[in-house]
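Counting starts at 1 for both ligands and their atoms, in listed order.
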Amino acid sequence: MASSCSTTGSPGSPKFEKIPGTSIRVLRSVPSVRRWRKPLLLDHRSVALVPTMGALHEGHISLIRAACRENHHVVVSIYVNPAQFGIAEDLDSYPKTWEADVAKLVALDREMADDGGSYLGRVSAVFAPTTGEMYPGGFPGQEVNSKGSFVTITPVGEVLEGKTRPTFFRGVATVCMKLFNIVQPEKVYFGQKDVQQTVVIRRMVRDFAMPIEVVIGGTVRDQKDGLALSSRNVYLGERRRGVATVLWRALRAAEEGYGMGMAGRKEILGEAEKVVREVEEEQGRLGPKERVRFEVDYISLADPDTMEEVGVVDRRRGAILSGAVKMLRVEEPKEGEDLGYEGGPEVRLIDNIILKPLE
Ligand code: AMP
């Protein structure tokens, strides 16, 4: 980590860490963010926050670009938040790629410096706190009944992802409340990719009267096959990566049904189920050295504001099609096969499509 940060400061001024070759500060403590933030408030400079867990990819970068177009200063937070991982989940193995993340921010900074007029501001700071800084009361509990200072947004945080991952949105809302209080941004940027998260955050900001605008950026996908970019895709390996588009293809089929005039839940989701069955059958015909196994956790057709399931889509409101699929471990690796990061553990992928109002 030390190699990609330098410490500078004129005599008498507090020293601060910077990403070399840029003016991006690396802030690690709450007081250092407050010191950085205060003069910007007095100067009426707008500040935006893009919260991430690192392992940056084009999905993150597109949010950072959007934030830099619309704000004078952008803070990117990089923090793998333990409270949003269940006890049996991948907190320990979650990819941590600080050097590569810094390299991406440097490249982006150069590109923006060369760009005449598209951006109002630049990434001014990376906030990369320790867990001690974020959770002064101690390591946050990961059990459903853990005690602590948590923010819960229900019932929207209890359905869909919240059903399979009962502590997930509590962790997300809690860490975002902390980040928002620390950075005090005017705008925060989140990705459509995690659609239920956007609904939870919007609800939190509304219900706690936080003076923040929530901006949602579109999902960035692999140009070739449409798979939504995700930090977890590195776990897949080539074999599973090829089949991981099943959810996206299923959602697209359901979207087409809606576009052709379907409104009933059974009809629309039936289109998605057909695609899932086809892929299952295709894989079922292969042997264990070739095939990929997966389990669909859910495919949902929900109200855009509450994420509650709908029986019939109100064409004036539209709906959210979303789903989650578990890509199971490869049963029998071929000799020398690259199974993915950390030996290719089970990976849970999510995706969604917004069905826009048609009337
Ligand atoms: P994460 O690091 O996974 O917590 O994601 C940080 C932010 O990036 C969240 O607001 C995500 O919704 C967003 N994000 C992740 N993947 C994508 C993607 N493929 N397209 C757009 N935004 C994304």
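- Below 30°, between 30° and 60°, or above 60°: for Tyr341 and Tyr235 the angle between ring planes is between 30° and 60°, a tilted geometry.
- At the shortest separation from atom 20 (N) of ligand 1 among protein heavy atoms lies Val220 N, 2.8 Å.
- In summary, the side chains of Asn71 and Tyr119 do not present any donor paired with an acceptor at a separation below 3.5 Å, with no hydrogens or angles considered.
- Closest heavy-atom approach to atom 14 (N) of ligand 1 within the set Ile201, Asp222, Asp194, Leu227: this belongs to Asp194.
- Put simply, the residue from Arg165, Lys326, Arg348 that forms a salt bridge (charged side-chain N to carboxylate O under 4.0 Å, His left out) with Asp297 is Arg348.
- With a heavy-atom cut-off of 4.0 Å, Thr198 does not touch ligand 1 at all.
- Of all the atoms in ligand 1, the ones that sit under 4.0 Å from a non-hydrogen atom of Gly218 are 20 (N), 21 (C).
- Between Gly217 and ligand 1, no N or O atom pair is found at a separation short of 3.5 Å.
- Neither the backbone nor the side chain of Gln192 comes within 4.0 Å of ligand 1, counting heavy atoms alone.
- For ligand 1, the polar-atom distance check against Phe190 finds no nitrogen or oxygen pair separated by under 3.5 Å.
- Judged by distance alone, the side chains of His60 and Thr52 never bring a donor and an acceptor atom under 3.5 Å apart.
- Residues satisfying the ring-ring contact (aromatic ring centres under 6.0 Å, His included) test with Phe190, not counting sequence neighbours, are none.
- Side chains of Glu267 and Tyr258: a donor-acceptor N/O pair is absent below 3.5 angstrom, by distance only.
- Looking only at side-chain heavy atoms (C-beta outward), Phe169 and Glu158 stay at 4.5 Å or farther from each other.
- Geometrically, Arg241 does not engage Trp248 in a cation-pi contact, judged by NZ or CZ lying under 6.0 Å from the ring centre and within 45° of the ring axis.
- Geometrically, Lys163 does not engage Phe168 in a cation-pi contact defined by less than 6.0 Å to the ring centre and at most 45° from the axis.
- Considering only non-hydrogen protein atoms, atom 10 (O) of ligand 1 sits nearest to Gly191 N, 2.9 Å.
- Every N/O-N/O distance between Thr219 and ligand 1 stays at or above 3.5 Å.
- The nearest protein atom to atom 9 (C) of ligand 1, hydrogens excluded, is given as Gln197 NE2, 3.8 Å; this is a heavy-atom distance.
- Near His57, the atoms of ligand 1 lying under 4.0 angstrom from a non-hydrogen atom of the residue are 15 (C), 16 (N), 17 (C).
- In terms of protein heavy atoms, atom 23 (C) of ligand 1 is closest to Lys193 CB, 4.0 Å.
- The side chain of His60, and not its backbone, has at least one atom closer than 4.0 Å to an atom of ligand 1 (non-hydrogen atoms only; side chain from C-beta on).
- Here the protein heavy atom with the shortest distance to atom 4 (O) of ligand 1 is Met53 CG, 3.6 Å.
- The backbone N or O of Gly226 sits less than 3.5 Å from a side-chain atom of Arg221, completing a donor-acceptor pair.
- The N/O atoms of Pro51, backbone and side chain alike, include none that comes under 3.5 Å of an N/O atom in ligand 1.
- Between Leu229 and ligand 1, a contact under 3.5 Å exists for at least one N or O pair.
- Judged by distance alone, the side chains of Tyr79 and Thr131 do bring a donor and an acceptor atom under 3.5 Å apart.
- Close approach of ligand 1 to Thr52 is summarised as follows: ligand atoms under 4.0 Å from at least one heavy atom of the residue are 2 (O), 6 (C).
- Atoms of ligand 1 found under 4.0 Å from any heavy atom of Leu63, numbered from 1 in the order shown, are 7 (C), 8 (O), 10 (O), 13 (C).
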